[in-house]
Amino acid sequence: MVEGSSLPWSDRCERLRGRLAEEGLAGLVCGSSANVAYLTGFRGEAGWLLVSAEEIVLFTDGRFQTQAKEETRVGEVEIVAEEVLSAVAGAVGERKLAPVGFESQSLSFASYQRLAEALGEAIRPTENLVEGLRLAKDEGELGAVEEALRLTEEALERVVPQVQLGVTETEVAGELEHTMRRLGAERAAFETIVAFGERAALPHARPTTRRLGAGEVVLMDTGAAVNGYCADITRTFFFGEPTAPARKAYEAVLAAQEAGLREVQVGRPCCKAHQAARQALEKEGLGEAFKHSLGHGVGIEVHEGPRVSEKSKDEFAAGMVVTVEPGVYIEGQFGIRTEDMVVVGEGGARTLTRYPKLLGEMVLAP
């Protein structure tokens, strides 16, 4: 047993064992790196976890021997010389565990074939066994998310005043990611989006060498990862006074965000929040310009459950951390998105994001 095994790690594994019992499974082969990190603390890129009623074993190779022994907080660590998944399949067979679940959403077909060849009918596909446990964040997870968000906001505070006429999207994106690193981030939680003018109408625009002109929209979507947890924030700025259409769209996006936030309540369907935001935009004639879901969960992964979308079947529960990010995208002209992170509580949504977002605070002097 690795020293330091204690809550929340052991609690997480015990809750997973309860779910395995409910599903009639003797164990679970876990290959999702995010799920392995959640259950054990190990964040290496080549780890497979076997969880059964009797034991928890992390399998990895010699490249991660020291890291695994330092990071893993529960269970045994087994360093193997052979291909790691083959070692896992062998361990399942030796222990005569059947049926054993595998994570169908993250397992490649090639990996599935290797398991099936070794174990035959002993394996069974599963969905969301661990992801379901990850939905509600515990106190430590919430603290890590907030630390990542505070760091992201500090990076924005430092970089935004440096935005000048003629700077490129890639220069701003690079400076944001470099600043987050200097402030202590492990990495960017995702590839930073910086888009100017008409390119901001691309919801997932990748930064280019396009240069900033006077009077243009500046959209920034960025986030740091700290202690394995992610932040996600979007702000839309104006390099000079916004045009009347852009001003109207910006205010409509803020109103849509508030409408969506009112629906973020324990027990409410996530789809209702999306629908409320869309209805607010439709009142302003901008419903068709809202081209994505209202939000998503954030934690170990920057995009995880629950889904806050029109067709989502998820419900809000206490402890969930989600984004609320309505946007309006006018092809060839501009795009506007405002994204905050909130935690769901019994009294509704508590906004974690502190960075300013009122229109008057988003105008940059050219």
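Computed from a predicted structure; not experimentally measured. Residue numbers start at 1 and run along the sequence shown.
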*Begin from the C-alpha positions of Arg114 and Glu117 and carry the test salt bridge (charged side-chain N to carboxylate O under 4.0 Å, His left out) through to its verdict.*
CA-CA 5 Å; Arg114 289 202 296 274; Glu117 288 171 3; over 6 Å; no
*Distance-minimising heavy-atom pair for Val92 and Leu50*: CG2-CD1, 3.9 Å
*Looking at CZ of Arg17 and CD of Glu54, how far apart are the two atoms once the value is rounded to the nearest 0.5 Å?*
8.0 Å
*Are Phe290 and Phe334 linked, directly or through other ILVMFWY residues, by side chains that come within less than 4.5 angstrom of each other?*
yes
_So if I apply the side-chain hydrogen bond (donor to acceptor under 3.5 Å, both in side chains) rule between Lys357 and each of Thr234, Asp340, Thr338, which one comes out positive?_
Asp340
*May I ask you to check whether over 12 heavy atoms, not counting those of Glu361, lie within 6.0 Å of atom CD?*
yes
*Would you kindly confirm whether Phe196 and Val159 end up in one hydrophobic cluster when ILVMFWY residues are joined by side chain heavy atoms under 4.5 Å apart?*
yes
*Identify whether Phe239 and Phe237 are in the same connected component of the hydrophobic contact network (ILVMFWY, side-chain heavy atoms under 4.5 Å).*
yes
_Given 3.5 Å as the limit, does a donor-acceptor pair link the side chain of Thr323 with the main chain of Glu325, or not?_
no
*Would you find a donor on one side and an acceptor on the other, under 3.5 Å apart, between the side chain of Glu169 and the backbone of Thr208?*
yes
_Is it the case that over 12 heavy atoms from other parts of the model lie below 6.0 angstrom from the CD atom of Glu83?_
yes
_Arg73 side chain to Glu70 backbone, donor-acceptor under 3.5 Å_ = yes
*asked:* Here's a test for you: under side-chain hydrogen bond (donor to acceptor under 3.5 Å, both in side chains), which of His274, Arg268, Lys272 qualifies with Glu263?
replied: Arg268
*asked:* Over 60° means perpendicular and under 30° means parallel, so tell me whether Tyr112 and Phe102 are parallel, tilted or perpendicular.
replied: tilted
_Would you call the rings of His303 and His204 parallel, tilted or perpendicular, taking 30° and 60° as the class edges?_
tilted
*Should Leu219 and Ile330 be counted in the same cluster of Ile, Leu, Val, Met, Phe, Trp and Tyr side chains packed under 4.5 Å apart?*
no
*Side-chain contact, heavy-atom cut-off 4.5 Å: Ser52 with Arg95?*
no
_Nearest atoms (heavy-atom pairs only) where Leu281 meets Ala256_ = CG-CB, 3.7 Å
*Please check if the side chain of Lys137 supplies one atom and the backbone of Arg134 the other of a donor-acceptor pair under 3.5 Å.*
yes
_Flag, side chain of Glu127 to backbone of Gln105, donor-acceptor distance under 3.5 Å_ = no
*Give a yes or no on this: more than 12 heavy atoms of other residues, nucleotides or ligands lie within 6.0 Å of atom CD of Glu139.*
no
*How far apart are the closest heavy atoms of Phe238 and Ile336, and which atoms are they?*
CZ-CD1, 4.2 Å
_We want to know whether Thr192 and Glu177 form a side-chain donor-acceptor pair, criterion being a heavy-atom distance below 3.5 angstrom._
yes
*Hey, are Glu23 and Arg124 close enough for a salt bridge, meaning a charged N less than 4.0 Å from a carboxylate O?*
no
_So, taking the atom named CG in Leu352 and the one named CD in Glu146, what distance separates them when rounded to the nearest 0.5 Å?_
5.0 Å
_Polar side-chain atom of Glu310 near backbone of Ser293 as donor-acceptor pair, under 3.5 Å_ = no
*Say you draw a straight line from OH of Tyr38 to CG of Leu49; how long is it, rounded to the nearest 0.5 Å?*
13.0 Å
*asked:* Contact between Arg235 and Val160 at the side-chain level, heavy atoms closer than 4.5 Å - yes or no?
replied: no
*Is the backbone N or O of Ser32 less than 3.5 Å from a side-chain atom of Glu103, with the two atoms forming a donor-acceptor pair by type?*
yes
*asked:* Side chains of Ser312 and Ser309: any donor to acceptor distance under 3.5 Å?
replied: no
*Are any side-chain N or O atoms of Thr60 and backbone N or O atoms of Ile79, one a donor and one an acceptor, separated by less than 3.5 Å?*
no
*State yes or no: do Tyr250 and Val324 share one hydrophobic cluster built from I, L, V, M, F, W and Y residues joined by side-chain heavy-atom distances below 4.5 Å, directly or via other members?*
yes
*Just one of Val74, Asn35, Asp138 clears the side chain to side chain contact (heavy atoms under 4.5 Å, CB included) bar with Arg12, so which one?*
Asp138
